[in-house]
Amino acid sequence: MLAKVSSQIRSRHFVTRHQSESALVRSGSLSSKLKEQQSLSVRDATQKEDVTLSKLPNGVSVVSCDPGSLYARVGVVVTGGSRYEPPGLEGISHALRACGHTSTEKFPSVTLIKESNYYGIDLQVSGTRDHLVYTAVCERDRADLAVQYVAEAAINPRLDWHEVEPWIAEAVRYDSAWLRSNPAALVTELLHRASFTGGLANSIYASPDNLPLINNPTRLREYHDAVTKAESIALIGYGVSHYELNGFASVLLGDGIARDSIGVASTPSRFRPGQERLATPDDWVVCALTYEGAAALSDDVLPLELLRYALGADGPKCRWGADSSSVLGVGLAATPAGFSAFSHSYADAGLFGVLVAAHCSRAGEAVAEVNATLAAVRDGGLLTDAHLRRAKKRLIVNLHETAATPEGMLDYLARMVYPTGMHISLANVERLVEAVTLETVAKVASRVLSGPKSMASVGNLMTTPYLEDLK
């Protein structure tokens, strides 16, 4: 799973009940329309709906899945992640994310925060390289308010300088400090910079050095207006009927966004072998070796996922334990190191590789062993039917676990159904997984692992080899 960042709602002001009620009176007309749409779809909450996708006349997408739950999760997805940032303004999507709880055209920030808290609505803003996602969790009968809040935050922020400047500065410094303290996330960002040309090389996190450029309301407004276009927006919902969600979208997103307004295009990205090294005083080293992976709709996605689980997708199940059932677990049995195979797929490119963590005194040994194991997989004979059967079971279990959680399903709606316009049921996915043969996985593994590789390392790198040292 691609790396995520979320900023929780922080209340800095006090608002009286009178102010809150006044805000509701001001927005009464809109609220009545939403309530009317909600009342039109009175239904038994135990009824269930499968994933459904539709579009408004102006091009805004509406995606929903309703398991009949008592709680709802709704979100507005904007195709405006870090890969769409213009040159020279790297990090501006992070700055826009930080403004997710500031004043909008209808709600001052105090009202937005206090009213959402009053009604038990949890607002969050997260971002990936592809999207900005404004989400809300609430009771099912509060879905109309939740949609109104996230739509306002995503589409109509005021971006007043006196308000956004301190929020952006604090968020960027806080997230930058968090990133430096999380070597695995830091390596992922460095790996994208080393492995891609174009927009995918941009980090999800802004550098504090770029604050003078991105902490600017005019530039924020220009970027926001460029990405919040009809064809680049989706309203997603879990625990809300599609009829109801489509009605909310018609009221809140159907007017004011022209049909012919299309968002900005990302600079095309392609794989480029490279290397990034960041020396720190830490005793532990986190290193990633990666190859060119599969794009999101490629036929190689499923074989590479099975290869990932065969290699060892999440390492041993207990701390300092051994994972003797995976290929990497056997290869690193004599080396005290943690490992995890990973795969990142985007619309136009992908990465496939292994993340390894070891003490600085043994890091060189661990990286060399991972490289040798991948070379053996490339040359054939190391993967067996037992590895593939285990990989299929673990992949299917992981898919079922994801589908069983509201967070996992909302992420699936935002990152798979909305961009591709496709939904494949779990039963069909299981059939596709079971149909993959060992020969297919071995063929894809040989092709991918025969290509050039990239490398990123963080920590005390005294024994960590350079990319050119790995044959």
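Quick caveat, the model's predicted, so the values are computed rather than measured.
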So [Y] and [X], do their side chains get closer than 4.5 Å, heavy atoms only?
| X | Y | answer |
| --- | --- | --- |
| Leu191 | Phe342 | yes |
| Pro208 | Ser176 | yes |
| Phe352 | Leu311 | yes |
| Leu278 | Leu190 | yes |
| Asn246 | Leu235 | no |
| Thr280 | Arg180 | no |
| Val137 | Arg73 | yes |

Crowded around [X] [atom1]? As in, over 12 foreign heavy atoms under 6.0 Å?
| X | atom1 | value |
| --- | --- | --- |
| Arg173 | CZ | no |
| Asp299 | CG | no |
| Arg270 | CZ | no |

Pairwise ring pair (Phe, Tyr, Trp, His ring centres under 6.0 Å) hits with a residue in residues 391-416, at least two apart: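 Listed by first then second residue: Tyr412-His423.
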Residue from Ile168, Ile92, Ile204, Val172 passing side chain to side chain contact (heavy atoms under 4.5 Å, CB included) with Arg97: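 Result: among Ile168, Ile92, Ile204, Val172, Ile204 is the only option passing the side chain to side chain contact (heavy atoms under 4.5 Å, CB included) with Arg97.
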Backbone N or O of [Y] within a donor-acceptor pair of the [X] side chain at under 3.5 Å?
| X | Y | answer |
| --- | --- | --- |
| Glu292 | Gly451 | no |
| Ser454 | Gln275 | no |
| Asp122 | Gln124 | no |

From CA spacing to verdict: side-chain contact (heavy atoms from CB on, under 4.5 Å), Arg415, Asp130: CA-CA 9 Å; Arg415 297 173 58 185; Asp130 288 314; over 6 Å; no
Parallel, tilted or perpendicular: ring planes of Tyr205 versus Trp178, cut at 30 and 60 degrees: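 Tyr205 and Trp178: tilted rings.
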Mutual orientation of the aromatic rings belonging to His359 and Trp284 [parallel < 30°, tilted 30-60°, perpendicular > 60°]: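 Taking Trp284 first and then His359, their aromatic rings stand perpendicular (interplane angle over 60°).
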Distance, nearest 0.5 Å, that separates CG of Leu306 from CZ of Arg390: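 Between atom CG of Leu306 and atom CZ of Arg390 there are 12.0 Å.
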Taking atom types as modelled, find out whether [X] and [Y] have a side-chain donor-acceptor pair closer than 3.5 angstrom.
| X | Y | result |
| --- | --- | --- |
| Ser207 | Asn210 | no |
| Thr335 | Glu369 | no |
| Tyr238 | Ser69 | no |

His344 and Phe196: CA distance, side-chain angles, deciding distance, ring-ring contact (aromatic ring centres under 6.0 Å, His included) verdict: CA-CA 12 Å; His344 300 309; Phe196 286 120; 9.2 Å; no
Side-chain donor-acceptor contacts of residues 462-471 below 3.5 Å, not counting sequence neighbours, with atom names and distances?
residue : atom : partner : partner atom : Å
Thr463  : OG1  : Cys360  : O            : 2.5
Thr463  : OG1  : Gly364  : N            : 3.4
Asp469  : OD2  : Tyr466  : N            : 3.1

Arg394/Glu305 ion pair, N-O < 4.0 Å: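 Looking at Glu305 together with Arg394, the answer is no, because their closest N to O distance does not fall below 4.0 Å.
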Step-by-step salt bridge (charged side-chain N to carboxylate O under 4.0 Å, His left out) determination, Arg221 to Asp225: CA-CA 6 Å; Arg221 174 59 64 186; Asp225 291 348; 3.7 Å; yes
